[in-house]
There are 2 protein chains.
Amino acid sequence: MDGLTVSTVGQYDLIYNAFSFGIATFAAATLFFWFGLARVSQEYRTAIVITGLVTFIAFYHYFRIFESWQSAYEVSDGAVELTGVAFNEAYRYVDWLLTVPLLLIELILVMRLSQSETVRRSVTLGGAAALMILLGYPGEVSEGIGGSRLLWGVLSMIPFLYIVYSLFSGLSDAIARQPANVRHLVSAARSLTVVVWFFYPIVYFAPFVLPMDGGTAKATIEVGYTLADIFAKAGFGLLIFTIAVRKSEAGH
Amino acid sequence: MDGLTVSTVGQYDLIYNAFSFGIATFAAATLFFWFGLARVSQEYRTAIVITGLVTFIAFYHYFRIFESWQSAYEVSDGAVELTGVAFNEAYRYVDWLLTVPLLLIELILVMRLSQSETVRRSVTLGGAAALMILLGYPGEVSEGIGGSRLLWGVLSMIPFLYIVYSLFSGLSDAIARQPANVRHLVSAARSLTVVVWFFYPIVYFAPFVLPMDGGTAKATIEVGYTLADIFAKAGFGLLIFTIAVRKSEAGH
């Protein structure tokens, strides 16, 4: 959120601790998924490797975000001051550009569709996800909260809505074909994706409608994005992992 | 591109984020390839180990490039200034000297030619690639955009064109002998190599023909090289990995 800064130590600390929470959660989730590789059969290993890669990439970016946050403020004697070094909000976009297509590919891989359907859906959904992030970025880094943010945000919503539509219409057949012991879990993974993902445009557009001072807005946004990332990547990954384990045990 | 520097925070940040994107992409790609080793049969393991080595070496160099970039500029209060420490463009050449011969060897290994043909093609193509990088380097580090850059650039194009010619004439027979289920993928890997590789001399010679200010040129070059590296190393590696998995599954 360009130009927003915190003004109290409480706000600074809350964001600081949220970022550190992100680092620890994503590191632990990565290790959990990769240690679990031996529990899933050969067909699901790529899905679980990618599940761990998503949290690994998020771990890397939360580490960078944390360092960037530290260098942007000087906290001393109960007061917080800007150092002049800008907090690099763009790390989130770099992260999403890599992880959001991979999240959709995880879901597709764990469904074990035919080779051609896997490739086709990975390319269209992954490509739409990358386009969504690329279109959101110029709005996020534009000066202030104005027309540029609105324009790019609206453009970014086009691939977003396409993805939501694809997940609900296109994948319904494929979900109906899933084995009974995991069908509700695959359906839950899809719902989690859609619900959590809606959080991001809400945060993006919030400054247009909510009357908040800069520091409160900044804390809401950073803590909000962090929690959304944890649900969308580690929480979603846990569903994917459970699906892969159950399908492996049942020999599907 | 010797002597070119950025002048706005936007340019600085774009390059900074591109380098960080490179670090994350190459780290993730390396892990993906090495985790995938178990999915390919014994004959293709060396090709996949090398595929991961290429992205690992690139990961190392992007980490160094990122640090070098940070130390070359002081960014504060919305202004960017040179610190006096030079940005080390040579990391790219050190990287290419190692990775470009290995990329060609990946392609040769995954084709599984006879032992003598594998050795012969690895030595001639790998050697030509190393020569190409060594000849380009004195031009890249020469002062300004002048005769020295032109001379070494032209010399470097001789092994470059030899490699392109070899890939298209010499390897056509070998590609025709590939199993049907991967022939188009091997052909795609060859085409990707040629198309992406042409991007490098275009960037190298661009300052002779394009009227750009230094900062725009620098941003174009650094982001361009980064994207080209990602396609040439991680994207190409993904094709090699897919070929190896399909050939393994089909017992070729």
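First the proteins, then the strands, lettered A, B, ... as listed; each starts at 1.
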Task: Verdict with reasoning, B:Phe63 to B:Phe19, per ring pair (Phe, Tyr, Trp, His ring centres under 6.0 Å) - done: CA-CA 8 Å; B:Phe63 189 84; B:Phe19 291 159; over 10 Å; no
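Heavy atoms closer than 4.5 Å to chain B are found in the side chain of A:Leu37, but not in its backbone.
Scanning all heavy atoms of the two residues, the minimum distance from A:Gly22 to A:Ile230 falls at CA-CD1, 4.4 Å. The two residues B:Val182 and B:Ile243 have their closest heavy-atom pair at CG1-O, 3.9 Å.
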Tell me which donor-acceptor pairs, judged by distance alone and kept under 3.5 Å, run between chain A and chain B, one pair per line.
from, atom 1, to, atom 2, distance (Å)
A:Thr46, OG1, B:Arg39, NH1, 2.5
A:Tyr60, OH, B:Ser20, OG, 3.0
A:Gly84, O, B:Asp77, N, 2.8
A:Asn88, ND2, B:Asn17, OD1, 2.9
A:Tyr91, OH, B:Tyr16, OH, 2.7

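Take B:Ala206 and apply the side chain to side chain contact (heavy atoms under 4.5 Å, CB included) test, not counting sequence neighbours, and it matches B:Leu210. Applying the side chain to side chain contact (heavy atoms under 4.5 Å, CB included) criterion to A:Leu150, with sequence neighbours excluded, gives A:Phe205, A:Phe208. With sequence neighbours left out, B:Phe231 forms a side chain to side chain contact (heavy atoms under 4.5 Å, CB included) with B:Val196.
In terms of heavy-atom pairs under 4.5 Å with chain B, the best-connected choice from A:Leu102, A:Val54, A:Val49 is A:Val49.
The structure places CD1 of A:Ile50 at 11.5 Å from CG of A:Leu104, a figure rounded to the nearest 0.5 Å.
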